[in-house]
Amino acid sequence: MTRYNYLERRGKSGTYYARIDIPTDLVSHLGCEVRKKSLRTKDENEARTRLWPIIEAWRAEFADIKSRREVTADDKAEAVWQHYEAALQHDDQKRRAMPTPSDMDAEEQRLLRRIEKGEINSDSFAGMINAHTGLELMFRARTDDANLRARRLTALKAALISGDIRMIEPAVKDFIARHRLLVEIGSDEYRELCALMTRAEVEGLQRTFERDGGDFTGTPRDPIVKPATGTAREAAAPGESIMDLFDTYARENPNQIKPDTLAQARRDVGLFVEHVGSTFPVHRIDKKAVREWKALLLQYPVKATVTKAFEGMKLAQIVKHNATVKKPTISTTTVNRYLSGFSAFCTWLTNHGYLQQNPAADMFLKKSKEKTTKPFTVDQMNTLFKSPFFTGCQSDEAPRFWSKPGNVTIRDHRFWVPLVMLYSGARPAEIAQLGIEDVRQEHGHWIMHITTEGDGDKSVKTDGSMRVVPVHKELVRLGFLKYHADMRKAGNTRLFPLAERNERGQMMADFSRDFPRYLTKIGLKNGRGLSLYSFRHGVADALRRAGYLDEQFGFILGHVAGTMTQRYGTLPQGMIEQRAELINSITYPGLILGHLHRI
């Protein structure tokens, strides 16, 4: 098993497979504990690309099964009334098919004519019996039917007393199948449905005997047998479920958002579907549904889908169980992210006539004015850069070894990304995806070209994020260019070949998650506030200390509109010199990095 949760490499051939554990409460229904499917590739990147749609389809299937698992009081009332009416309708059909007096007279005359013609005579006793059988059956039809009904009525009443469900089971199973209520056979809920529908049929049969006496006005005397008044379970039309329409939205991608952002939106909408049910009609998405979903999100625990305590649970169950488990809940920013992806989809639904208005509009939570990410102080950075992760740790194989002093020095992307951020303000993923050719000399200055151009699966937040950033002189002293030369000499096309994307397409997500945990381990972090992005915030403060206004350095952080110059990294000499001066003005008085210099 690889470190990607749903990806498995099997056999000598090395073919990748999608793999998912069946939720524990569906194992008995699906008949297995694990589901696997070949991705038909030995390439890990291609496998990750093919993986997520399969996982999403499986999750949608599980959600669909679960959405029909709970039987409501309205379902029970509907089952009772439908079965009662079915008994009466069956009786109506039987009565219409019964021979009338004129039918019996006609059959008697036909029989006499056959006797007169000699077709039936005493020479063939068997022939006489057969000829008279049809007429006899016509005369006895009503009596025989009444006897059959009486025997069934007696048997059903006895079954109610003994708990025998065999007679009613075919009707119960048919109702469950038609209404897609996946009730476990033999469960208390199943037996209750059997008892209720038995009582309904008893009432129906009793009405038939009243009809035998000419009274068609009878009404049920059993209090449970009454017209169902609950709201009918409305289902989406075929091909127009919420997720069906999301697939159309994703194919159109009207806002041209990145694949990983689109995948995130799919998961966000999927969580809403988990709340309302997979057959919930799109036109019923309203403020109330979104409001109730948001209320659950505000209580939704962090990383719930990968926490064993919540395995196999749906959104509402997770929130309820977390009252006992007490895991920390997601932030206001994360709640707004869920709402944002869902709202963009609702805007598309509105534009295409599925909704009258976007019900997620104006549902966003107000952000706290207090900054959630704070820059490091110089003292904190001195502590960090003198800690074992940067000076020598026990092992680089797992985060638990990073804080323990040793002779293993980490010098891959995990070492360089924080330092490059410290002296450029670039985002972690932007640095981690740099190609060898993205770091080069232009007009006598070394630059980093942050772009989607060139080899590899590069991406940037916006077109304005593509930019040219000169290499800070402190990075040169730290050995950044020497590292670049070593990577080129080794034949690498990427500057940080060990930096990888996760199954959701996020670059270096594991390290971005582990770094704050390391800060906590060495005593720098307590709660929220410090992360890799603290270096980016520190750059903005450093440039302000150097006398620059925000609008004068916003472009260096990727906060401006995109241009072709930024895309292809072609800048005139004067502009590069100005940028080099801007970048080299980033200083941190009191910061000590001499022990990390590599001349």
Side-chain angles (χ1 to χ4, degrees), residues 23 55-56 59-70 72 74 231 233-236 240-250 255 257 261-307 309-323 325 327-352 354-368 504:
I55 296 299
E56 282 297 311
R59 284 181 171 175
E61 177 189 351
F62 299 157
D64 183 62
I65 293 172
K66 289 183 179 184
S67 72
R68 286 296 186 178
R69 200 166 182 77
E70 298 176 0
T72 66
D74 288 342
T231 303
R233 189 189 293 264
E234 186 181 6
E240 290 198 356
S241 71
I242 295 175
M243 294 313 297
D244 286 335
L245 292 175
F246 185 89
D247 288 339
T248 303
Y249 163 73
N255 298 321
I257 60 178
T261 305
L262 195 60
Q264 180 64 62
R266 183 186 298 277
R267 290 188 290 275
D268 297 342
V269 174
L271 194 60
F272 175 79
V273 171
E274 187 175 304
H275 167 57
V276 299
S278 61
T279 60
F280 191 81
V282 168
H283 69 84
R284 286 186 55 202
I285 301 177
D286 56 12
K287 290 278 188 184
K288 179 176 180 293
V290 179
R291 183 176 66 247
E292 291 173 349
W293 180 54
K294 183 175 76 170
L296 289 172
L297 290 177
L298 287 168
Q299 304 173 69
Y300 194 56
V302 175
K303 298 189 181 299
T305 57
V306 294
T307 301
F310 306 122
E311 187 177 359
M313 296 183 185
K314 293 194 292 185
L315 175 60
Q317 294 171 316
I318 289 172
V319 168
K320 183 177 180 180
H321 187 54
N322 198 45
V325 179
K327 296 286 185 182
T329 56
I330 61 178
S331 65
T332 296
T333 301
T334 305
V335 172
N336 280 341
R337 194 217 66 209
Y338 278 104
L339 292 169
S340 177
F342 181 72
S343 181
F345 174 52
C346 287
T347 296
W348 181 86
L349 290 173
T350 303
N351 293 340
H352 287 73
Y354 293 103
L355 296 173
Q356 294 298 314
Q357 59 183 1
N358 181 354
D362 304 321
M363 283 282 188
F364 295 91
L365 301 168
K366 289 185 178 180
K367 295 182 180 179
S368 170
R504 292 163 56 180

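The model shown is predicted, which means the values in this text are computed figures rather than measured ones. Positions are given from 1 along the sequence.
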Could you tell me which residues satisfy ring-ring contact (aromatic ring centres under 6.0 Å, His included) with Y338, sequence neighbours excluded, listed by chain and number?
none
Report the C-alpha distance between I285 and F280 in whole Å, list the side-chain angles of each, state the deciding distance to 0.1 Å, and finish with yes or no for side chain to side chain contact (heavy atoms under 4.5 Å, CB included).
CA-CA 8 Å; I285 301 177; F280 191 81; 4.1 Å; yes
Point-to-point distance, once rounded to the nearest 0.5 Å, from CG of L355 to OG1 of T347:
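L355 atom CG to T347 atom OG1 measures 9.5 Å (nearest 0.5 Å).
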Shortest non-hydrogen contact between [X] and [Y], atoms and distance:
X	Y	answer
F342	A360	CD2-CB, 4.0 Å
L262	F246	O-CZ, 3.9 Å
A344	Y249	CB-OH, 3.6 Å
N358	S343	ND2-OG, 3.0 Å

Show your reasoning for whether side chain to side chain contact (heavy atoms under 4.5 Å, CB included) applies to L349 and I242.
CA-CA 10 Å; L349 290 173; I242 295 175; 6.0 Å; no
Go through the structure and list residues passing side-chain hydrogen bond (donor to acceptor under 3.5 Å, both in side chains) with [X], not counting sequence neighbours.
X	value
T350	none
N322	none
T305	none
Q357	none

Quick one: does any side-chain atom of [X] pair with a main-chain N or O of [Y] as donor and acceptor, under 3.5 Å?
X	Y	value
N336	L365	yes
T307	K303	yes
N255	I257	no
H352	W348	yes

Are more than 12 heavy atoms, taken from residues, nucleotides or ligands other than K287, located less than 6.0 Å from that residue's NZ atom?
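Above 12, so yes.
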Student check: side-chain heavy atoms of [X] and [Y] closer than 4.5 Å:
X	Y	answer
R267	L271	no
V273	M243	yes
H283	Y354	no
P301	P328	no

For D247, side-chain contact (heavy atoms from CB on, under 4.5 Å) partners two or more places apart
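Per chain and number, D247 pairs via side-chain contact (heavy atoms from CB on, under 4.5 Å) with R251, R266.
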Using residues 289-300 as the side-chain source, report each donor-acceptor pair under 3.5 Å to any protein atom, sequence neighbours left out, with the distance given to one decimal.
from, atom 1, to, atom 2, distance (Å)
E292, OE2, K288, NZ, 2.6
K294, NZ, M363, O, 3.0
Q299, NE2, A295, O, 3.2

I would like to know whether M313 and K320 meet side chain to side chain contact (heavy atoms under 4.5 Å, CB included); could you show each step before the answer?
CA-CA 10 Å; M313 296 183 185; K320 183 177 180 180; over 6 Å; no
Salt bridge (Lys or Arg N to Asp or Glu O under 4.0 Å) against D286, all qualifying residues, sequence neighbours excluded
none
